There are 2 protein chains.
Amino acid sequence: MVLFWTKGYHATSLKDLEVTLQMKPGSIYAAFQSKESLFRATLDRYAAKMASEMQAVLDTAQSPLTGLRNHLISLANLAPTDKPSTSCMLVKSLLEVGHVDALRDAVQNHLNRIQISLTHAVQMAQNAGELSQSLDCDRVARRLQTYIFGLKIQAQRETDPRRMRQLCEDLATELSQSVAA
Amino acid sequence: MVLFWTKGYHATSLKDLEVTLQMKPGSIYAAFQSKESLFRATLDRYAAKMASEMQAVLDTAQSPLTGLRNHLISLANLAPTDKPSTSCMLVKSLLEVGHVDALRDAVQNHLNRIQISLTHAVQMAQNAGELSQSLDCDRVARRLQTYIFGLKIQAQRETDPRRMRQLCEDLATELSQSVAA
DNA sequence: GCACAATTTGAACGATCACTCAAGAATTAA
DNA sequence: TTAATTCTTGAGTGATCGTTCAAATTGTGC
């Protein structure tokens, strides 16, 4: 997963996979049917990992809205020198293999599921009275996800951790304000 | 440029380039030294094109802030079925070839230049009294660019043009409000 | 019309690509 | 211990990768 995540689908060769997995080609093809299918499996794994990490942040927060804010702010801890890539593997894959139908659909499904989780979180914040009752939760969630996408790309660029943190906090603040009950 | 933009660097083969350019390998290598160098040239061209389009939107607007809003809203016109890719070639390249030093630096420079243009636009809005005097223009510009990144990725996902437009307008509104004089 | 320079051609290069498969090693069942 | 089964091995597949170069073609100056 880390290999595909950092190098991308096309740039990852079977030689790379042999070394990393410590398996010979035959074994790789016995376990997974093809490079594409192995890649799809890593996408699933990544999405599960990402979803559970996000859920953990949301669940441990004092309140639903605080959880969402914390999640945005947690993106400040990504540094562009980090391994694996600070960028979202799903976004990276969407851009790279978006023209391969099977892979694009897999990525889209994962992103949709994450968006639904966000919608639920927003709904909870609304139920808790932290958000205006009139707000469309799905709409807010889409905006939130747009922030996340943007921030993860900035994380690939921004070398100054102070500015990165500032940016995350700016967006977190904006969320609270524009959405307040 | 369109070829690299849509397929990405690695997925574009020299056969593809031969067909699209209508040139034989020898000519391609005489004109450009290598695939990488040709790719870098397309990055330059893309960045120039994108910068001038953005500048046109900014310049024709009634006011600086309106220009920035219009630019955000113009992203609603991207549809995921569009050719070439609706995603920003620079972002796509940053994610795909971010681990190749020469290419990453080229992309970073282009993105930095665009950010500077945004900073100037924000500065003009501030000078025009549309923004609070106390705001850090560079900081606002970074936030703006984060929106743009996020929106262009959403444009790859969102199939409903109504929702896409709504999203762009949400972010444009947010910009005006959070930044108002 | 002719010599000379610049460009284009496309076959060929070694390397690497994703992938296969017959043969051998390891594991399990009796 | 042995027979059956599963897993692993790694050389080998044809295809394609990015790249080169000598020969053919085209363009230029006189």
Side-chain angles (χ1 to χ4, degrees), chain A residues 1-47 83-85 89-90 92-108 110, chain B residues 1-47 83-85 87 89-90 92-107 110:
Chain A
M1 184 189 83
V2 170
L3 187 59
F4 274 131
W5 187 359
T6 48
K7 297 196 74 173
Y9 177 65
H10 285 111
T12 301
S13 72
L14 244 98
K15 261 253 136 11
D16 295 330
L17 291 168
E18 285 176 46
V19 172
T20 302
L21 296 175
Q22 299 201 83
M23 294 167 85
K24 308 295 160 188
S27 298
I28 295 178
Y29 279 81
F32 321 94
Q33 307 101 291
S34 65
K35 182 189 173 187
E36 182 179 317
S37 144
L38 171 55
F39 179 65
R40 206 157 37 226
T42 66
L43 282 180
D44 296 345
R45 175 169 282 249
Y46 174 87
K83 296 287 171 201
S85 165
M89 186 185 181
L90 295 174
K92 193 168 170 169
S93 303
L94 179 66
L95 296 185
E96 193 193 346
V97 297
H99 51 99
V100 180
D101 287 11
L103 292 175
R104 190 197 50 233
D105 291 352
V107 171
Q108 290 273 36
H110 284 128
Chain B
M1 184 190 82
V2 170
L3 186 59
F4 274 130
W5 186 359
T6 48
K7 298 196 72 173
Y9 177 65
H10 285 109
T12 301
S13 71
L14 245 98
K15 259 249 134 17
D16 296 329
L17 291 168
E18 285 176 45
V19 172
T20 302
L21 296 176
Q22 299 201 84
M23 293 167 84
K24 307 295 160 186
S27 298
I28 296 178
Y29 278 81
F32 321 96
Q33 307 101 290
S34 65
K35 182 188 173 188
E36 182 179 318
S37 143
L38 172 54
F39 178 66
R40 206 158 35 225
T42 67
L43 282 180
D44 296 345
R45 174 169 283 248
Y46 174 87
K83 298 285 171 200
S85 165
S87 80
M89 187 184 181
L90 295 174
K92 193 167 171 170
S93 302
L94 180 65
L95 296 185
E96 193 193 346
V97 297
H99 49 99
V100 180
D101 287 10
L103 292 176
R104 191 198 48 234
D105 291 352
V107 172
H110 286 311

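Only a predicted model underlies this, so the values are computations on that prediction, with no experimental measurement involved.
- Taking the six-membered ring where the residue is Trp, A/Y9 and A/F39 present tilted rings, their angle falling between 30° and 60°.
- When all heavy atoms of A/A47 and A/H110 are compared, the pair lying nearest together is CB-CD2, 3.3 Å.
- A/E36 is not listed as a side-chain neighbour of A/V97, based on a closest heavy-atom distance of 4.5 Å or more.
- Heavy-atom distances to DNA chain D give each of A/P25 and A/A30 a nearest nucleotide, and the one nearer the 5′ end belongs to A/A30.
- Atoms NZ (A/K15) and C1' (C/dA18) sit 11 Å apart, rounded to a whole Å.
- Atom CD of B/Q33 and atom P of D/dG18 are 16 Å apart (whole Å).
- At least one side-chain heavy atom of B/L90 sits under 4.5 Å from a side-chain heavy atom of B/Y46.
- In this entry the distance linking CE of A/M23 with P of C/dA25 reads 19 Å, nearest Å.
- In this structure, the CD1 atom of A/I28 is 13 Å from the P atom of C/dC17, given to the nearest Å.
- Whole-Å rounding puts the B/K7 NZ to D/dC17 C1' distance at 13 Å.
- Summarising the geometry, the separation between CG on A/L21 and P on D/dT8 is reported as 12 Å, rounded to the nearest angstrom.
- The CD atom of B/E18 sits 12 Å away from the P atom of D/dT19 (whole-angstrom rounding).
- In the set C/dT8, D/dT8, C/dC19, D/dT8 carries the atom at the smallest distance from any side-chain atom of A/S27.
- At the phosphate of D/dT8, neither OP1 nor OP2 sits under 4.0 Å from any side-chain N or O atom of A/K24.
- Distances shorter than 4.0 Å separate none of the side-chain N or O atoms of B/S13 from OP1 or OP2 on D/dT16.
- Dashed line: the shortest gap from a side-chain N or O of B/Y29 to OP1 or OP2 of D/dT19 is under 4.0 Å.
- Rounding to whole angstrom units, NE2 of residue B/H10 and C1' of D/dG18 are separated by 12 Å.
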